[in-house]
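Keep in mind that the numbers below use all heavy atoms, side chains included, and drop hydrogens, waters and symmetry copies. Everything quoted here is computed from the prediction, not taken from an experiment. In what follows, every chain begins at residue 1, and chains take the letters A, B, ... in the order their sequences are listed.
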Amino acid sequence: MKDQLQHLLTKCIQDLISKGTLNEMPSKIRIDHTKDNSHGDYATNIALMLSSQAKMSPLELAQIIIDQLEHRSFLKKVEIAGPGFINFFISQESSISIINEIIDQASSYGKSDIGQGKKVLLEYVSANPTGPLHVGHGRGAAYGATVSNLLRNAGFIVDNEYYVNDAGRQMDILTVSIFLRYLSFCGEKLRFPDNGYQGQYINDIAQVIYDTSGKEFHLKSDLIFKNVCKDGAEGGDKEKHIDQLIEKAKSKLGGGFKAVFKVGIESILSGIKNDLAEFGVVFEKWFSEQSLIDNGLSESCISKLKNSKNLYEKDGALWFKTTNYGDEKDRVVVRDNGNHTYFASDIAYHLDKLERGYDKIINVWGADHHGYIPRVKASIEALGHSSNKLEVLLVQFANLYRGGSKVQMSTRSGSFVTLEDLRAEVGNDAARFFYILRKSEQHMDFDLDLAKSKTNENPVYYIQYAHARICSVFRQAVEKEIELNVDQANLSLLIEQTEKDILRELSRFKSVLESSAIQYEPHQLAYYLRDLSTHFHSYYNACKFIVDDKSLTLARLSLISATQQVLKNGLSILGVGAPESM
RNA sequence: GCGCUCGUAGCUCAGCUGGAUAGAGUGUCGGCCUCCGAAGCCGAAUGUCGGGUGUUCGAAUCACCUCGAGCGCACCA
C-alpha cells in the first residue's frame with residue numbers, strides 16, 4: 001500500500017516537473033504512517049519540502065499536487081491539513097485486504113528482499129574464552145542474534161561468527177591458573193596468584209584433569225614458586241609475579257603446559273557454545289585467533305604492511321603508522337620481545353574477512369572498544385580495501401544492580417553473574433526480550449532483583465499473553481464447531497474503531513521490519529509488537545469475537561488470526577517463543 | 001586534557017535522516033470479571049525534552065557553547 005502511494009506520488013511529482021511547476025525531483029519522497037487517525041492512514045510532507053522550490057506556499061502547492069494526483073480506487077479521501085501535509089485515507093476494501101495477505105503468506109509474511117541477497121558477515125559476542133559468559137555478554141549475544149534474524153528476514157545472507165581469542169598472555173594466565181589449582185588437588189600447598197582467574201570453574205576444570213590424568217602433571221610447588229618475585233598483595237608486582245609463574249610452568253611442564261591449556265580452553269569453549277545455543281544464539285563459524293598465527297596470515301599481513309611502507313621501528317618494537325589513516329596515534333604490531341600484539345592478529349582477521357567476499361562486515365563490540373575502531377579501519381585502508389565495508393555497532397554495557405547497588409563484573413575475580421544463571425532465573429524469552437528492548441547504544445540499568453523477582457514487569461509476557469489469548473479463542477471456536485475460513489468471511493463487517501486500529505497497526509508491520517533491519521535496531525520491532533498487543537487487548541475487552549452472527553464471527557476471527565500470525569512472526573525474529581497457553 | 005556515547009514524566013525508557021496537541025511501561029488515584037484467560041481493559045494526574053545561543057515558516061530532533069553522567073585514550077585482549 002505504501003509502495004503504491006510512493007509510486008503514485010513519484011509519478012505526480014514527475015508530471016509537475018514536466019509541466020514546469022517544479023524543477024527537480026526531491027532526494028526522497030517521505031510517506032509516513034500517521035500517528036493520529038484523524039490524519040488519515042498515511043501522510044506526506046512533500047508540499048512543505050518543495051514549497052520553496054516551487055516559490056509558492058505549502059498549502060497552494062499541496063492543492064496542486066492533489067489535483068495532479070491520479071485517482072485510484074484504494075484512496076477514499078485525500079486532504080490537506082495543518083501547515084501543508086497531505087493526508088491519505090485508505091478505502092476500507094483496501095485496508096482489510098491485508099488480512100488475506102497475512103493469512104495466505106502465514107509464517108513468511110513480513111519477509112522482504114531489500115537485502116537483495118547481499119552477503120553479510122556478522123561478528124558478535126567474541127568474549128575471551130577465559131571463563132563462562134556473564135550477563136554483560138548476554139546483551140551482545142541477544143542483540144547480534146536479533147540483528148542477524150532481522151537481516152535474514154530482509155533478504156540478506158548472513159553468516160554469524162565468533163572470534164575466539166585463544167592466543168596471547170590471557171591464555172597463559174588461564175592455563176597457569178588451572179595448573180595451580182590442579183597442584184592443590186595433588187596435595188601441594190601454594191599461594192594462588194592475585195592475578196590468576198579465581199572462579200569456581202577453574203577448580204572444576206582442574207578437578208577434571210586430576211580425575212582423568214591423575215598426577216601426570218604433578219610438580220612440587222617449590223619448583224614453580226622458587227625465585228619468583230613477590231605478588232602484588234605481598235608488596236611485589238602482580239603482573240611480574242604471574243608472568244614468572246607462567247615461564248616456570250612452561251619450562252618445567254614442557255608439553256604438559258599445552259595439554260593443560262587444551263583441556264581448559266575446550267572445556268570453557270564448549271560451555272560457551274552450549275550456553276549460547278540454549279539461548280538461541282547460533283554461530284556458523286568459530287574463528288580461532290591462534291589459527292591466524294599458525295597459518296602465517298598474521299605474519300604475511302605484517303610483511304604486506306612493511307612493503308607498503310606503513311611500518312617503522314622504534315624502541316625495539318614495530319609500529320604501524322595508523323595516523324596516516326586518521327588514527328590519533330601510531331600502534332605497535334610487534335613488541336620488543338618479538339611477540340605480535342592483539343592488534344596484529346586483528347589486522348589479519350579483518351583482512352581474512354574481507355577476502356572471503358562479503359558485501360558488508362559488521363562487528364558488534366562493547367562500547368568500551370570504540371577507540372579501537374580507527375586503527376582497524378586504518379589497517380583495512382592500508383591493505384588496499386575500503387573501510388566503508390566495515391560497520392561497527394557498539395553496544396553499551398549493562399550496569400548490574402543488586403540490592404540497589406552496582407555489581408562489579410570481573411572475570412578475573414570470579415565475581416560475576418553468569419548468563420546461565422540469569423537464563424535459569426528469568427527464562428530465555430524474558431532475557432532475550434529485555435536485552436533488546438533498549439537501544440543498543442543506550443546505557444542500560446539491569447536490576448537483577450527486579451528481573452528475578454517480578455518478571456511480569458517484562459513486557460514480553462504482555463505480548464505472549466496476547467498470542468496465548470488468541471489461541472485460547474480459537475480453542476473455544478473449535479469447541480463450538482466453528483471453523484475459520486477467510487474466504488467465507490465478510491471482512492467489510494469490521495467497522496468498530498478497535499478493529500480499524502488493529503488494521504492500521506498490522507499495515508505497519510512490514511515497514512517496521514524494514515526499518516529495524518536497516519538501522520540495526522531490534523527495539524523498534526519490540527515496541528511495535530507491544531503496541532499491536534495493546535490494540536488486541538483493547539479489542540478483546542471491547543468486542544466479543546464469537547457471536548451469534550456467523551459471518552461477523554468469521555470476520556473477527558480472521559482479524560485476530562492475522563494478528564496472531566504477525567505476533568508470532570515478530571516474536572520469532574526476536575528469538576522469543578509464542579506460547580499457545582501460559 | 002582530547003575523543004566517543006548519553007541527559008525526555010517520581011522511576012525505566014521510546015520518539016532524534018526537522019514537521020501537525022511530546023509518548024509508553026511502571027508507580028499513584030478511581031472504575032471494569034454470573035460473559036471467548038483480570039499476566040487484561042477503561043479513566044485521571046504528572047514534563048522549563050539538562051541549560052543557553054543560533055539556523056528555519058517550523059527544533060526534543062540540526063549547529064555552536066555550557067553543565068552533568070558513563071566509557072576510552074597500553075609494547076592488555
Notebook entry, point to check: Going by heavy atoms in the side chains, are A:D336 and A:D315 under 4.5 Å from each other?
Noted result: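 No - every pair of side-chain heavy atoms lies 4.5 Å or more apart.
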Next item on the list: Could you list by number each residue of residues 462-472 of chain A showing a heavy-atom separation from RNA chain B of less than 4.0 Å, or answer none if no residue does?
Entry: A:Y462, A:Y465, A:A468, A:R469, A:S472
Write down the distance between [atom1] ([X]) and [atom2] ([N]), rounded to a whole number of angstrom.
X      : N      : atom1 : atom2 : answer
A:R331 : B:rA74 : CZ    : P     : 7 Å
A:K544 : B:rU34 : NZ    : C1'   : 13 Å
A:Y197 : B:rA77 : OH    : P     : 11 Å
A:E580 : B:rG37 : CD    : C1'   : 15 Å
A:L394 : B:rG70 : CG    : C1'   : 14 Å
A:K314 : B:rC75 : NZ    : P     : 9 Å
A:D330 : B:rC75 : CG    : C1'   : 13 Å
A:D327 : B:rC4  : CG    : P     : 13 Å

[X] side chain: which of [options] is closest?
X      : options                : result
A:Y461 : B:rC75, B:rC36, B:rA39 : B:rA39
A:H370 : B:rG72, B:rC36, B:rC41 : B:rG72
A:R375 : B:rA77, B:rG37, B:rA74 : B:rA77
A:R475 : B:rG37, B:rC36, B:rA24 : B:rG37
A:E328 : B:rC73, B:rU21, B:rG37 : B:rC73

Notebook entry, point to check: Is any side-chain nitrogen or oxygen of A:S538 closer than 4.0 Å to OP1 or OP2 of B:rC42?
Noted result: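 So the side chain of A:S538 is within the cut-off, an N or O lying under 4.0 Å from OP1 or OP2 of B:rC42.
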Next item on the list: Start with the C-alpha distance between A:H39 and A:F85, add both sets of side-chain angles, then the distance that settles side chain to side chain contact (heavy atoms under 4.5 Å, CB included), and finish with yes or no.
Entry: CA-CA 9 Å; A:H39 296 147; A:F85 292 100; over 6 Å; no
Note to self: If you take the centroid of each ring, where Trp contributes its six-membered ring, are A:F509 and A:Y528 closer together than 6.0 Å?
What the structure shows: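 Centroid distance A:Y528-A:F509: below 6.0 Å, so yes.
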Assign [X] to base, sugar-phosphate, or nothing according to its heavy-atom contacts below 4.0 angstrom with the strands shown.
X      : answer
A:D36  : base
A:Y540 : base
A:K329 : sugar-phosphate
A:D336 : base
A:D315 : base
A:A43  : base
A:R530 : sugar-phosphate
A:S581 : base

Next item on the list: Please report the C-alpha distance between A:Y163 and A:K353 in whole Å, then the side-chain angles of each, then the deciding distance to 0.1 Å, and finally whether the side chain to side chain contact (heavy atoms under 4.5 Å, CB included) criterion is met.
Entry: CA-CA 11 Å; A:Y163 183 52; A:K353 282 181 174 183; over 6 Å; no
What interatomic distance, in whole Å, is found between [atom1] of [M] and the corresponding atom of [N]?
N      : M      : atom1 : result
B:rU8  : B:rA14 : C1'   : 10 Å
B:rG37 : B:rA24 : P     : 28 Å
B:rC13 : B:rG7  : C1'   : 12 Å
B:rU12 : B:rU55 : P     : 36 Å
B:rA60 : B:rA22 : P     : 9 Å
B:rU56 : B:rG43 : C1'   : 40 Å
B:rU66 : B:rG3  : P     : 11 Å
B:rA38 : B:rC33 : P     : 12 Å

Next item on the list: Keeping to residues at least two apart or across chains, list the salt bridge (Lys or Arg N to Asp or Glu O under 4.0 Å) pairs with something in residues 319-329 of chain A.
Entry: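 Every salt bridge (Lys or Arg N to Asp or Glu O under 4.0 Å) pair that includes a residue of residues 319-329 of chain A, provided the two are not neighbours, is A:K321-A:D330, A:D327-A:R331.
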Item checked: Under the 3.5 Å Watson-Crick or G-U criterion, the dot-bracket string of RNA chain B, with | for inter-strand pairs -> (((((((..((((.....[...)))).(((((.......))))).....(((((..]....))))))))))))....
Verify, without hydrogens or angle tests, whether [X] (side chain) and [Y] (backbone) share a donor-acceptor contact under 3.5 angstrom.
X      : Y      : value
A:D172 : A:I246 : no
A:D237 : A:K240 : yes
A:S516 : A:Q524 : no
A:Y143 : A:L394 : no
A:T322 : A:R375 : no
A:H241 : A:C229 : yes
A:Q442 : A:K439 : no

Next item on the list: Could you say whether A:T44 or A:D368 is positioned toward the 5' end of RNA chain B, judged by the nucleotide with the nearest heavy atom to each?
Entry: A:T44
Item checked: First of A:N87 and A:N165 reached from the 5' end of RNA chain B, by closest nucleotide -> A:N87
Next item on the list: Could you list the residues that satisfy side chain to side chain contact (heavy atoms under 4.5 Å, CB included) with A:L269, not counting sequence neighbours?
Entry: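 Applying side chain to side chain contact (heavy atoms under 4.5 Å, CB included) to A:L269 gives A:P129, A:V164, A:I265, A:W286.
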Margin query: Checking A:F261 now: which residues fulfil ring pair (Phe, Tyr, Trp, His ring centres under 6.0 Å) with it, not counting sequence neighbours?
Written below: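 If we apply the ring pair (Phe, Tyr, Trp, His ring centres under 6.0 Å) test to A:F261, skipping adjacent residues, there are no hits.
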Next item on the list: Produce a footprint string for nucleotides 9-19 of chain B: one letter per nucleotide, 5' end first; B if the base is under 4.0 Å from any protein heavy atom, S if only the sugar-phosphate is, - if neither.
Entry: ---SSSSBB-B
Check: Does B:rC6 fall in syn (glycosidic angle within 90° of 0) or anti?
Finding: anti
Checklist line | Check: B:rC41 base within 3.5 Å donor-acceptor of A:H537 side chain | finding: no
Notebook entry, point to check: A:F536 and A:L567: side chain to side chain contact (heavy atoms under 4.5 Å, CB included), yes or no, with the steps?
Noted result: CA-CA 10 Å; A:F536 168 74; A:L567 288 174; 5.7 Å; no
